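Shown next, in structure tokens, is the structure this report addresses.
Quick caveat: nothing in here was measured; it's all calculated off a predicted structure. Naming convention: chains lettered A, B, ... in sequence-line order (proteins, then strands); numbering from 1 in each chain.
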There are 2 protein chains.
Amino acid sequence: MSEFMDRCAVECFHPETVGRVKGNRLSEEEVRKLSEIFKALGDETRIKLLHALSQEELCVCDLSKVVEMSQSLVSHQLRVLRNLRLVKYRKEGKMVYYSLDDEHIINLFTQGLAHIRH
Amino acid sequence: MSEFMDRCAVECFHPETVGRVKGNRLSEEEVRKLSEIFKALGDETRIKLLHALSQEELCVCDLSKVVEMSQSLVSHQLRVLRNLRLVKYRKEGKMVYYSLDDEHIINLFTQGLAHIRH
DNA sequence: CTAACATATGAATACATATTCATATGTAGA
DNA sequence: TCTACATATGAATATGTATTCATATGTTAG
């Protein structure tokens with residue numbers, strides 16, 4: 001309603017359609033969280049990290065070798081994934097092993113791949 | 001190999017593990033396209049647009065009312081979605097009706113929602 | 001304790017991108 | 001033709017963020 005209702009007033013506007021679709025809209029919270037998750041997946045480095053972890057648990061050092069990026073960058077990006085609870089970790093001596101925290105991620109990958117392969 | 005192999009040399013490095021995981025890695029093309037798709041979904045405005053279109057075909061004017069954002073912004077974001085073949089359009093007189101181009105998107109939403117709802 | 005190693009993090013930088021504003025394009029009707 | 005309307009788009013701006021570098025934290029071994 002309100003400020004976006006005062007344009008395009010006569011011909012195009014379909015009040016019932018707009019009302020119907022608005023009635024089914026996601027909550028602001030859902031929109032925020034969804035975009036947060038997808039934003040985390042929308043980066044090549046994080047895609048590579050998550051895909052590697054989808055195969056097996058890995059320490060930071062091995063992860064940085066798999067994705068061929070610096071340890072610093074890998075640590076930074078792992079923090080992003082940690083904050084979103086996409087990965088979890090386990091300490092063993094001075095090493096830290098990361099793994100997926102939520103196997104839903106694998107399904108998102110599968111769907112994404114299905115899309116890009118037409 | 002090469003530049004990321006010269007650190008962390010003795011204790012942590014697990015050559016078989018790294019080799020095994022690297023063997024299964026996605027191609028650069030797949031990584032690029034996957035991140036592109038997820039990047040497109042990683043924005044609140046585009047999430048709202050796609051969710052609205054997942055319900056029914058809508059013209060730009062009605063879309064801008066549903067998501068309560070300016071027509072200009074909606075057009076800009078629709079172009080992003082168009083370029084990625086996430087939406088398609090149909091002209092009817094001076095109006096343009098948009099709809100989802102690939103129903104896989106709905107599955108991505110479903111998986112994403114499953115994630116954020118624990 | 002000290003030294004070496006694995007990881008984390010703060011600061012700086014460079015680049016991307018969401019949004020707004022103004023304006024252009026295209027269409028229908030008078 | 002001219003006017004009104006629906007949509008698209010270029011430019012400008014402001015904000016976000018990926019990456020690098022230097023350094024800090026924490027752990028194990030000696």
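- Counting only distance, with no hydrogens or angles, the side chain of B/D62 and the backbone of A/V18 share no donor-acceptor pair below 3.5 Å.
- Of the listed nucleotides (D/dG10, D/dT7, C/dT7), D/dT7 has the atom at the smallest distance from the side chain of B/V60.
- Remark: B/H51 NE2 to A/L34 CG distance equals 8.5 Å, nearest 0.5 Å.
- Nucleotide D/dT17 holds its P atom 14 Å from the CG atom of A/L81, rounded to whole Å.
- For the OP1/OP2 pair of C/dA18 and a distance below 4.0 Å, the side-chain nitrogens and oxygens of B/R46 include at least one atom meeting the criterion.
- The nearest whole Å value for the distance from the OH atom in A/Y89 to the C1' atom in C/dA8 is 11 Å.
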The contact string for nucleotides 21-30 of chain C, one letter per nucleotide 5' to 3', using protein heavy atoms under 4.0 Å with B, S and - for base, sugar-phosphate only and none, comes out as BB----SS--
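- For A/D43 and B/S75, each mapped to the nucleotide of DNA chain D holding its nearest heavy atom, the one lying further toward the 5' end belongs to B/S75.
- Ring pair A/F109/B/F38 is tilted by interplanar angle, where 30° to 60° counts as tilted.
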| message | Determine whether A/K33 and B/H115 satisfy the following criterion, side chain to side chain contact (heavy atoms under 4.5 Å, CB included), listing intermediate values before the conclusion. | response | CA-CA 10 Å; A/K33 287 188 176 175; B/H115 176 84; over 6 Å; no
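- Put simply, A/R79 has a side-chain N or O that comes within less than 4.0 Å of OP1 or OP2 on C/dT9.
- Taking only side-chain nitrogens and oxygens, B/Y98 comes nearer than 4.0 Å to OP1 or OP2 of D/dA8.
- Of the side-chain N and O atoms in B/R82, one or more sit less than 4.0 angstrom from OP1 or OP2 of D/dT9.
- In this structure, B/M69 atom CE and D/dA8 atom C1' are separated by 18 Å, rounded to whole Å.
- Rounded to an integer number of Å, the gap from CG of B/N83 to P of D/dA8 is 12 Å.
- Here the C1' atom of nucleotide C/dA6 and the OH atom of A/Y97 are 11 Å apart, to the nearest Å.
- Between A/R90 atom CZ and C/dT7 atom P there is a gap of 12 Å when expressed in whole angstrom units.
- Neither OP1 nor OP2 of C/dT17 sits under 4.0 Å from any side-chain N or O of B/Q77.
- Going from atom CD of A/E44 over to atom P of D/dT17 covers 17 Å, rounded to whole Å.
- Only one option out of A/L84, A/N83, A/V31 pairs with A/E36 in a side chain to side chain contact (heavy atoms under 4.5 Å, CB included); it is A/L84.
- B/Y98 and B/R90 form no side-chain donor-acceptor contact under 3.5 Å, judged by distance and modelled atom types alone.
- As rounded to whole Å, 13 Å separates atom C1' of C/dT19 from atom CG of B/L49.
- No donor-acceptor pair under 3.5 Å is formed between the side chain of A/R46 and the backbone N or O of A/L41.
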